Participant: 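Pasting in a structure now, in structure tokens, and then I'll have a few things to ask.
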4 protein chains.
Amino acid sequence: MGIHERKQREKEMRRKQIMEAAKKVFSAKGFNRATMEEIAGEAELSPGTIYLYFKNKEELHTSLSIDLLGYITSLMKKIINIKSIDAEEKMKKLKETFIDVYEYDSMVLINLFHLQSGETLQNLSEEVLERLKETSANAVSAITSIVKEGIDNGIFVEKHPVALADIIWATYSGVVLWVDSKRLLNNEKDFVRQTLETAFEIMLNGFKVKE
Amino acid sequence: MGIHERKQREKEMRRKQIMEAAKKVFSAKGFNRATMEEIAGEAELSPGTIYLYFKNKEELHTSLSIDLLGYITSLMKKIINIKSIDAEEKMKKLKETFIDVYEYDSMVLINLFHLQSGETLQNLSEEVLERLKETSANAVSAITSIVKEGIDNGIFVEKHPVALADIIWATYSGVVLWVDSKRLLNNEKDFVRQTLETAFEIMLNGFKVKE
Amino acid sequence: MGIHERKQREKEMRRKQIMEAAKKVFSAKGFNRATMEEIAGEAELSPGTIYLYFKNKEELHTSLSIDLLGYITSLMKKIINIKSIDAEEKMKKLKETFIDVYEYDSMVLINLFHLQSGETLQNLSEEVLERLKETSANAVSAITSIVKEGIDNGIFVEKHPVALADIIWATYSGVVLWVDSKRLLNNEKDFVRQTLETAFEIMLNGFKVKE
Amino acid sequence: MGIHERKQREKEMRRKQIMEAAKKVFSAKGFNRATMEEIAGEAELSPGTIYLYFKNKEELHTSLSIDLLGYITSLMKKIINIKSIDAEEKMKKLKETFIDVYEYDSMVLINLFHLQSGETLQNLSEEVLERLKETSANAVSAITSIVKEGIDNGIFVEKHPVALADIIWATYSGVVLWVDSKRLLNNEKDFVRQTLETAFEIMLNGFKVKE
DNA sequence: AATGAATGAGTTTTCATTCAT
DNA sequence: AATGAATGAAAACTCATTCAT
């Protein structure tokens with residue numbers, strides 16, 4: 001391993017370290033009330049250092065989302081590549097993946113869905129926006145390919161695959177946000193898992209061609 | 001009309017006037033970048049006056065959402081009370097209402113769905129939080145009653161009515177936010193209408209008991 | 001009683017009513033955190049009405065002090081006029097009066113002594129300042145006359161009567177403020193009475209010519 | 001000198017620089033009319049910087065008082081430690097010290113005595129309040145030790161030493177405030193020095209056991 | 001590369017006071 | 001005389017970001 005590679009790797013580790021700290025603080029305080037100083041403290045670095053790795057607060061925040069989005073997409077790609085099961089089975093696995101991700105990192109997932117806001121998007125740099133678009137498009141296209149397979153095989157109703165993929169994704173984000181807000185408003189238990197289960201069951205049922 | 005009633009009415013009009021101005025400014029700038037001074041200017045009032053009618057910026061913002069939520073609920077109640085149609089028809093009308101509301105006031109609707117965030121909820125006064133909870137519960141209970149009718153009549157699958165109502169609402173908010181963010185990210189056209197159409201069609205299909 | 005006199009009397013009563021309310025609120029909140037609106041509420045009047053009777057907040061506050069100062073002076077004058085006792089006895093009665101006043105209305109008395117601050121004095125109108133000066137001078141002159149009698153009769157040491165009167169007054173205010181602050185700082189019991197007793201005893205002892 | 005020590009020293013100097021500026025502005029304008037911006041300007045710093053060193057306006061103000069109080073106490077401790085003189089002589093030196101301090105920094109001294117107000121005390125942080133209590137207790141205890149010596153040696157009357165110390169301190173603050181207010185009210189000359197001289201003479205006379 | 005002290009623009013909010021009714 | 005809605009100036013304070021070291 002050359003000296004350059006080691007430097008590169010160290011740099012990458014420092015980035016992760018900052019993101020890990022940011023995740024904690026954003027989760028605890030929300031975007032507005034989290035301060036760069038606190039994130040720096042959590043990462044055991046100085047505020048100035050964070051700016052060597054991230055252009056600004058907004059982009060640090062968005063980076064967390066992009067990361068998670070990429071991770072979800074990678075999981076979905078694995079599902080797509082399974083040869084032995086059909087689209088309906090893949091949809092079921094998709095549902096399970098969604099639930100796993102929620103349970104693994106609910107706060108960042110919630111942030112990710114909140115990112116879908118004009119106010120936030122307008123403040124991002126061209127570059128990060130580009131990365132976000134790309135990662136987002138990848139996620140949708142992964143879902144799309146599953147849906148397409150279902151339509152091609154005559155299992156799913158004939159709707160445009162992208163439209164169906166959007167609906168899957170929208171339902172995912174909608175359920176996560178909605179049930180979370182019910183939890184906050186009414187001190188209810190966390191019903192995201194059950195609600196996602198039901199939502200995807202209904203959706204899958206709705207997708208299927210009726211004989 | 002007594003003097004007291006006139007005063008009361010004037011007061012109510014002033015509130016509306018402020019909310020109208022706030023709606024404009026929040027829509028144009030988003031919550032954070034909107035300033036109370038600008039809202040005051042838009043309402044042709046002084047900043048101090050706003051504070052006679054709303055405790056703070058957060059609550060002014062939330063009031064817009066509560067209002068819209070109450071409006072949606074009132075529309076849903078009308079649908080519920082139609083005697084001549086069954087639950088499936090009512091669901092279709094619900095979808096149409098949702099689309100109408102989106103087209104009538106998309107910005108406030110988007111705000112409403114963004115309200116579902118811990119950061120925002122934590123800053124509200126007990127009183128406004130209570131009003132929000134109540135209005136929100138009313139909305140869900142309206143949907144629930146339609147769903148319940150469908151289940152009772154053997155048209156819809158036997159799932160808990162509240163769960164299904166949550167899914168309807170979550171899908172509504174998810175689609176609105178998701179398609180809006182796609183529009184912002186990719187400069188796409190506004191596909192909310194079509195996507196809602198499809199989403200509700202799929203959902204309705206998924207709700208129905210198969211013979 | 002003519003109509004004019006009745007009006008006059010009503011006006012005076014309204015003033016008292018406002019001052020009574022102001023006393024409560026200033027005592028509870030301190031000058032800065034007391035608001036005119038709260039005082040108005042306490043007096044069951046509107047804010048505007050207060051301004052018909054007092055030029056501004058500062059003067060309303062000062063009026064309370066002037067009133068109390070005038071009351072103390074009237075008590076002192078009674079003592080002066082007692083023919084049957086000598087200056088030493090009068091000093092003792094003075095001490096008792098001071099203690100009584102403290103116990104009757106400690107908050108206003110504390111305010112009165114805090115009034116001795118450049119910041120406050122600079123904001124008063126010429127007229128109220130004049131009344132304050134006059135009332136204050138009356139108070140000192142009452143004490144002075146007792147001291148003078150003592151010096152003239154050879155009971156008290158030969159110091160200038162005004163200087164001694166100042167010291168009496170300063171000690172009174174100093175003890176009241178100091179012991180009150182100790183009470184606030186250390187949650188001590190209220191030792192003003194005992195401390196005043198001792199202070200005046202020491203002072204009287206110090207005043208007396210030694211044989 | 002290590003790098004850490006130099007940093008520490010620089011930090012301390014910056015604090016002093018801010019306090020020096022604050023002293024000027026508070027003296028000229030009084031607490032309420034002084035603005036943080038003006039203090040910052042006077043210190044040739046930005047407003048934000050002040051908040052790196054002092055939590056808020058209130059605490060910056062109180063810090064000035066605590067400093068002076070600590071200084072007075074250190075002077076008193078020196079007096080206590082003089083072996084060659086008795087309590088009566090020490091009391092005389094105490095008086096001189098009090099006068100010196102007044103002449104050295106009358107505005108801060110006046111502020112210090114005004115600090116004795118519930119309104120102010122209630123806004124301080126636990127930490128600063130603690131420091132104030134401690135410094136204040138030290139001051140009283142210094143005086144107490146002188147008084148105690150006098151009582152033990154049979155020179156002073158048998159009163160409780162703390163009570164006598166309170167009276168000394170109360171008289172000091174009372175005279176300073178009272179004479180200052182007379183100066184403001186009546187444009188009189190500054191008679192604090194003379195009045196303090198007389199007050200302490202009287203008090204000392206009063207303290208002494210009569211043969 | 002890392003630091004962290006300093007910046008200073010920017011905004012909410014308060015409340016004494018006024019004045020049309 | 002009384003009201004009380006409206007005013008609007010005024011200021012404390014925060015915190016993302018910079019840059020000299």
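The figures that follow rest on heavy atoms only: side chains count, while hydrogens, waters and symmetry mates do not. Letters A, B, ... are given to chains in the order of the sequence lines, protein chains preceding strands, and every chain is numbered from 1. Note that the structure is predicted; figures quoted are calculated from it, not measured.
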Participant: Which residues pass the side-chain contact (heavy atoms from CB on, under 4.5 Å) test with A:Lys11, sequence neighbours left out?
Facilitator: A:Tyr53
Participant: Considering heavy-atom distances to DNA chain F, does A:Pro47 or D:Glu37 have its closest nucleotide positioned more toward the 5' end?
Facilitator: D:Glu37
Participant: 5' to 3' on DNA chain F, which nucleotides open and close the contacts with chain B (atom under 4.0 Å from a heavy atom)?
Facilitator: F:dA6 to F:dG8
Participant: Does DNA chain F take part in any stems of at least 3 consecutive Watson-Crick or G-U pairs (both distances under 3.5 Å), and if so, which ones?
Facilitator: E:2-21 with F:2-21
Participant: If you find the nucleotide of DNA chain F closest to C:Leu45 and the one closest to A:Met36, which residue's nucleotide is nearer the 5' end?
Facilitator: C:Leu45
Participant: Say you draw a straight line from OG1 of B:Thr62 to CG of B:Leu124; how long is it, rounded to the nearest 0.5 Å?
Facilitator: 4.0 Å
Participant: Only counting residues at least two apart or in another chain, list the ones meeting side-chain contact (heavy atoms from CB on, under 4.5 Å) with A:Glu10.
Facilitator: A:Arg6
Participant: Determine the minimum heavy-atom distance between D:Ala43 and D:Ile18, stating which atoms define it.
Facilitator: CB-CA, 4.4 Å
Participant: Quick one: salt bridge (Lys or Arg N to Asp or Glu O under 4.0 Å) partners of C:Glu20, sequence neighbours excluded?
Facilitator: C:Lys23
Participant: Which residue, C:Phe31 or D:Glu44, contacts DNA chain E at a nucleotide closer to its 5' end, judged by nearest heavy atom?
Facilitator: D:Glu44
Participant: By the side chain to side chain donor-acceptor pair (under 3.5 Å) test, which pairs, at least two apart or in different chains, include something from residues 36-52 of chain C?
Facilitator: C:Lys24-C:Glu42, C:Lys29-C:Glu38, C:Ser46-C:Thr49
Participant: Under a 4.0 Å heavy-atom cut-off, which of residues 48-58 of chain A touch DNA chain E?
Facilitator: A:Gly48, A:Thr49, A:Leu52, A:Tyr53
Participant: How many Å lie between CG on B:Asn32 and P on E:dG10, as a whole number?
Facilitator: 15 Å
Participant: When all nucleic acid strands are considered with a 4.0 Å heavy-atom cut-off, which category describes A:Thr35: base, sugar-phosphate, or nothing?
Facilitator: sugar-phosphate
Participant: Partners of D:Phe31 by ring pair (Phe, Tyr, Trp, His ring centres under 6.0 Å), sequence neighbours excluded?
Facilitator: D:Phe26, D:His61
Participant: Holding to side-chain contact (heavy atoms from CB on, under 4.5 Å), I want the full list of residues that pass it with B:Glu130, two or more places apart in sequence or in another chain.
Facilitator: B:Glu126, B:Lys133
Participant: Mind checking what makes side chain to side chain donor-acceptor pair (under 3.5 Å) contact with B:Arg14, not counting sequence neighbours?
Facilitator: B:Gln17
Participant: Identify, with sequence neighbours excluded, every residue that meets side chain to side chain donor-acceptor pair (under 3.5 Å) alongside B:Asn56.
Facilitator: none
Participant: With sequence neighbours left out, what residues match D:Glu59 under salt bridge (Lys or Arg N to Asp or Glu O under 4.0 Å)?
Facilitator: D:Lys55
Participant: To the nearest Å, how far apart are C:Glu38 CD and E:dA16 C1'?
Facilitator: 14 Å
Participant: If you look at every strand shown and take non-hydrogen atoms under 4.0 Å, does D:Ala34 touch a base, only sugar-phosphate, or nothing?
Facilitator: sugar-phosphate
